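All figures in this text were calculated on a predicted structure; none of them were measured in a lab. Residue numbers begin at 1 in each chain, while the letters A, B, ... track the order of the sequences.
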2 protein chains.
Amino acid sequence: MKPQICHLPSDCRPVSEILSRIGDKWSVLVITLLGDAPLRFGELKREIGGISQKMLTATLRALERDGFVLRRDYGTVPPKVEYELTELGRDLLVPVTALAAWARQNQTHVEEARRRFDDACPERTGGSG
Amino acid sequence: MKPQICHLPSDCRPVSEILSRIGDKWSVLVITLLGDAPLRFGELKREIGGISQKMLTATLRALERDGFVLRRDYGTVPPKVEYELTELGRDLLVPVTALAAWARQNQTHVEEARRRFDDACPERTGGSG
DNA sequence: CCGTATCCTATCGGATACTG
DNA sequence: CAGTATCCGATAGGATACGG
């Protein structure tokens, strides 16, 4: 997810960067789960229940690359790999948790707004006013 | 833009929902700009500088639908349409701003982590080999 | 058990042309 | 100026098969 060109004050670039990263699909989910406790690959997959190996791997790789997640390979047979949040990851968890709290608190407002919009929309979408 | 099925505790669903919405591409940018002042369509487009009409329209529609943005059509010729944050939108601005602040503060840490990762596993970064 | 590679589809998102 | 419709490339992401 390239952050595209941006002519705005310094606010936009890092924010779009982070948002594109953690807002991608499963990242917040993974971060939240790992914020609770370190988990193995399979445990994460089972907990999430709906993610493909490919996406879980990609998500973890990206998170690891960004320094949010630490991959701990025990090098055993059968393989055992544990993932845990780094300090940066736990740090990120704070504003993410705040956003999560907001989302839970205002969830119904958003849903109502959507219903209102969808109800008003078909009569409006043709013209303005 | 579906949030997919999710078997997790109540945390994940609304968060993924919100994150998928505002983390999509331009939404945070638009919200941040409108958080400063109401703006017309063309002003937004010029300020962002890199967004297409299609995407700006889509982004604003989605934001309007979710109740974050109010579309004010003056019904004049030539057309004049102003967009501003609703109360819900301004409310959302709070955790988003917090995340933005975090992003700015930790931007270098992330970049360093990426460099470290790319330096440590050059053969894995590309994915194809 | 922990991945990787490939295929395939849906969506994202830009460029462009057109309307009112 | 504000917005829509269409075409097109790029990417996200699931299903599956294969490998250590």
Can you check the [X] [atom1] to [N] [atom2] distance for me, whole Å?
{"X": "A:Asp24", "N": "D:dA10", "atom1": "CG", "atom2": "C1'", "result": "17 Å"}
{"X": "B:Glu47", "N": "D:dC1", "atom1": "CD", "atom2": "P", "result": "14 Å"}
{"X": "B:Met55", "N": "D:dA10", "atom1": "CE", "atom2": "P", "result": "17 Å"}
{"X": "A:Ile51", "N": "D:dT16", "atom1": "CD1", "atom2": "P", "result": "17 Å"}
{"X": "B:Lys54", "N": "D:dG9", "atom1": "NZ", "atom2": "C1'", "result": "11 Å"}
{"X": "B:Lys25", "N": "D:dA10", "atom1": "NZ", "atom2": "C1'", "result": "11 Å"}

Those residues that, when tested against A:Leu70, pass side chain to side chain contact (heavy atoms under 4.5 Å, CB included) (two or more places apart):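 Counting only residues at least two positions away or on another chain, A:Leu70 forms a side chain to side chain contact (heavy atoms under 4.5 Å, CB included) with A:Arg72, A:Glu84, A:Thr86.
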Set of side chain to side chain contact (heavy atoms under 4.5 Å, CB included) partners for A:Lys80, sequence neighbours left out: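 Checked A:Lys80 against side chain to side chain contact (heavy atoms under 4.5 Å, CB included); matches are A:Arg40, A:Tyr74, A:Thr76, A:Glu82.
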Axis-to-axis angle between the two ends of the helix from C:dC1-D:dG20 to C:dG20-D:dC1 (five base pairs per end, rounded to 10 degrees):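 For the helix from C:dC1-D:dG20 to C:dG20-D:dC1, the axes at either end differ by 30°.
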Side chain to side chain donor-acceptor pair (under 3.5 Å) involving B:Thr59 - partner list, sequence neighbours excluded: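 For B:Thr59 there are no side chain to side chain donor-acceptor pair (under 3.5 Å) partners, ignoring immediate neighbours.
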Sub-4.5 Å side-chain heavy-atom contact between A:Asp66 and B:Phe117: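 Result no, sub-4.5 Å side-chain heavy-atom pair not found.
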Less than 3.5 Å apart, which donor and acceptor atoms pair up between the side chains of residues 88-103 of chain A and the rest of the protein, not counting sequence neighbours?
unit_1	atom_1	unit_2	atom_2	d
A:Arg90	NH1	A:Leu85	O	3.1
A:Asp91	OD2	B:Trp102	NE1	3.3
A:Thr97	OG1	A:Leu93	O	2.5
A:Trp102	NE1	A:Asn106	OD1	3.3
A:Trp102	NE1	B:Asp91	O	3.4
A:Trp102	NE1	B:Asp91	OD2	3.3

Quick one: which protein N/O atoms are closer than 3.5 Å to N/O atoms of nucleotides 1-3 of chain C? Pair and distance per line, please.
unit_1	atom_1	unit_2	atom_2	d
C:dC1	O3'	A:Arg40	NH2	3.2
C:dC2	OP1	A:Arg40	NE	3.2
C:dC2	OP1	A:Arg40	NH2	3.4
C:dC2	OP2	A:Gly42	N	2.9
C:dG3	OP1	A:Arg71	NE	3.3
C:dG3	OP1	A:Arg71	NH2	2.5
C:dG3	OP2	A:Tyr83	OH	2.7

Spacing of CD1 belonging to A:Ile31 relative to OH belonging to A:Tyr83, to within rounding of 0.5 Å: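 Result: 14.5 Å between the selected atoms.
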Worked check of side-chain contact (heavy atoms from CB on, under 4.5 Å) between B:Asp73 and B:Arg71: CA-CA 6 Å; B:Asp73 189 342; B:Arg71 179 178 182 273; 3.7 Å; yes
side-chain contact (heavy atoms from CB on, under 4.5 Å) between A:Leu44 and A:Ile51, intermediate numbers included: CA-CA 9 Å; A:Leu44 270 170; A:Ile51 191 173; over 6 Å; no
